Amino acid sequence: MKYRVYSLRNFRKIDQVQKYLSDGEKHAIEVVGNVLPFKVNNYVIDELIDWSDIPNDPLFQLTFPQRGMLSDDHFARMESVLRRSPGKAEIAAVANEIRFELNPHPAGQQDNVPELDGVKLTGIQHKYRETLLFFPSNGQTCHAYCTFCFRWPQFVGMDEMKFAMRETELLTAYLQEHPEVSDVLFTGGDPMVMSAKNFSNYIDPLLAADIESLRTIRIGTKSLSYWPYKFLTDKDADDMLRLFEKIVKSGRHLALMAHFNHPNELKTEAVQKAVRRILGTGAQIRTQSPVMKYINDDSAAWTEMWREQLKLGCIPYYMFVARDTGAQNYFAVELDKAWRIYREGVKRVSGIGRTVRGPSMSADPGKVHILGVTDVNNEKVFVLQFIQGRNPDWVYKPFFARYDPDAVWLDDLEPAFDKDEFFFDQGVDGDAVLVH
Ligand SMILES: *Cc1c(COP(=O)(O)O)cnc(C)c1O
Ligand code: SF4
């Protein structure tokens, strides 16, 4: 299958756009797409989106900019600039003004950059003790862009996340100095936009360094959903699978952390074949997604998604709450509702699907898991815990927040029982593993 990519520049040429979208919808794409990233490909257009159900189709909502993703004020500002048919620089200036008002850097993502001998490793994030995030410079784009993406500032050129040739050397040196790290998670963007050759330039030296404490290599990817031909008909598809086998043969666990947001992404022949080929290498596939209005704010969609995944041999892993950035207002689901969706959804799968944890917020202090809503001493509360914490000792200690039906993020929550603060509000204490 030949890969064809569309963006703001050429989306009006897409047959289905011409046939199914109104002028108003195309205009909205133009305005919103000048602020938030927009990229889609022929597989998503031809095989995933149901064009008879526009604009409600979840895959359309997932990949095409929608009017409601900007506030009226932001929309009007961009619209009025475009109306004056200005130069690129002027559009970019207004776009950036708006982008800075969309909380481009939530959860202190840029605070977790480690150092080695005084050199900042800007392609690495080390927030939780056991797991290092690695951003290979060749993997900082995706086969299509999700409208909810929390990495969106990278794709519109606000953030530079590049570092030069020696990156694998620095990664291995860091791992050698940090035996507490058992997992390296290749992330992006999507590392599976890389050719097998490029990916081997990272993997081969890493395996050759023979670091005993490195037990798991994970690859965060949306490629199974947006471009399964990566593992089927792309010219280096077989080479990529050989590389997976090589990782497994090194005695390590290889896990694809696959992003799937809706059951429709699991139904094509291409994705099912790709999953089978990947599992055939000895790799495992774990799945994760945020819960989002317009896309999957419905427990039946989750049940169906988890059932499909289980049938294919994938392991449901996380349900997230959409982060407080970009178009969050559009997609936001109340924490209370997210928990109900999780509970209703998970009740209908057997124990092998109940490996999925959530809903979980990746916030500044850590991954905060909403365990449920209950009453304690006549006060209605959220019961929460950390799945991951800046301080590893915070993990799995239940704590309570006052019930608030409108809360959509950790910042909206107050401690229960008239306490002044949460136990973690004091910050990280002495024995925490921080990397500065
Ligand atoms: C989720 C996450 C990880 C991985 O956590 P696991 O619970 O091990 O899957 C690592 N680093 C960051 C910053 C994360 O958000
Ligand atoms: S695949 Fe991941 S990084 Fe890429 S646009 Fe979607 S959410 Fe963002």
Side-chain angles (χ1 to χ4, degrees), residues 7 36-41 44 59 62-65 106-114 124-135 139-156 159 161 180-193 215-227 230 253 255-262 265 284 286-290 292 295 315-323 325-328 331 355-358 360-369 385-390 392 395-396 433-435:
S7 63
L36 296 169
F38 171 39
K39 175 177 175 183
V40 67
N41 68 51
V44 176
L59 272 296
L62 178 63
T63 50
F64 279 76
Q109 279 182 69
Q110 296 193 325
D111 316 334
N112 305 303
V113 176
I124 293 179
Q125 249 184 50
H126 191 188
K127 183 168 172 181
Y128 307 133
R129 185 172 53 195
E130 292 81 10
T131 303
L132 197 75
L133 305 190
F134 179 60
F135 298 80
Q140 299 313 309
T141 183
C142 304
H143 294 284
Y145 289 145
C146 311
T147 41
F148 71 83
C149 180
F150 71 99
R151 293 263 157 78
W152 63 272
Q154 253 173 268
F155 306 135
V156 294
D159 289 354
M161 231 199 249
E180 75 276 13
V181 177
S182 59
D183 291 35
V184 169
L185 170 51
F186 283 79
T187 183
D190 187 339
M192 289 292 107
V193 297
R215 291 187 284 271
T216 304
I217 293 177
R218 305 195 217 176
I219 304 169
T221 184
K222 179 98 185 151
S223 55
L224 277 167
S225 166
Y226 282 164
W227 192 248
K230 177 83 192 159
H253 180 114
L256 266 77
M257 312 306 290
H259 300 213
F260 289 111
N261 308 116
H262 191 274
E265 292 164 280
Q284 299 212 340
R286 288 182 168 72
T287 62
Q288 53 193 43
S289 169
M292 290 165 295
I295 294 175
I315 304 168
Y317 189 63
Y318 275 138
M319 173 198 270
F320 293 118
V321 178
R323 291 195 199 211
T325 180
Q328 187 215 22
F331 291 117
T355 49
V356 63
R357 289 164 300 164
S360 163
M361 291 175 273
S362 295
D364 193 45
K367 275 192 169 67
V368 178
H369 185 184
Q385 70 178 8
F386 282 94
I387 296 176
Q388 290 284 2
R390 274 189 186 275
V395 169
Y396 286 1
V433 186
L434 269 193
V435 287

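Keep in mind the model is a prediction, meaning the values are calculated, not measured. Indexing begins at 1, ligand by ligand and atom by atom, following the structure's order. Computation of the quantities below employed the complete heavy-atom set of this structure, encompassing side-chain atoms and omitting hydrogens, waters and symmetry-equivalent molecules.
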Report all N/O contacts between ligand 1 and the protein shorter than 3.5 Å as a table of atom names and distances to 0.1 Å; if there are none, say 'none'.
from, atom 1, to, atom 2, distance (Å)
ligand 1, 7 (O), Y318, OH, 2.5
ligand 1, 7 (O), Q388, NE2, 2.9
ligand 1, 8 (O), R218, NH2, 2.7
ligand 1, 8 (O), Q388, NE2, 3.2
ligand 1, 9 (O), R218, NH1, 2.8
ligand 1, 9 (O), Y317, OH, 2.7
ligand 1, 15 (O), K367, NZ, 2.8

Closer than 2.8 Å to atom 4 (Fe) of ligand 2 - protein N, O or S atoms, ordered by chain and residue number: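 Counting only protein N, O or S atoms under 2.8 Å from atom 4 (Fe) of ligand 2, the list reads C142 SG.
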I'd like to know if the side chain of [X] and the backbone of [Y] have a donor-acceptor N/O pair within less than 3.5 Å.
X: H369; Y: G358; result: yes
X: S289; Y: M319; result: no
X: D190; Y: H143; result: no
X: R215; Y: H253; result: no

Pair T221, K230: side-chain N/O donor-acceptor within cut-off below 3.5 Å: no
Closest approach of A363 to Y128 (non-hydrogen atoms, all atoms of both residues): O-OH, 4.5 Å
Test of ring centre spacing under 6.0 Å for F38 and F64: yes
Geometric cation-pi criterion R218 and F186, 6.0 Å radius, 45° cone: no
Pair E265 + K222: basic N to acidic O under 4.0 Å: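 K222 and E265: salt-bridged.
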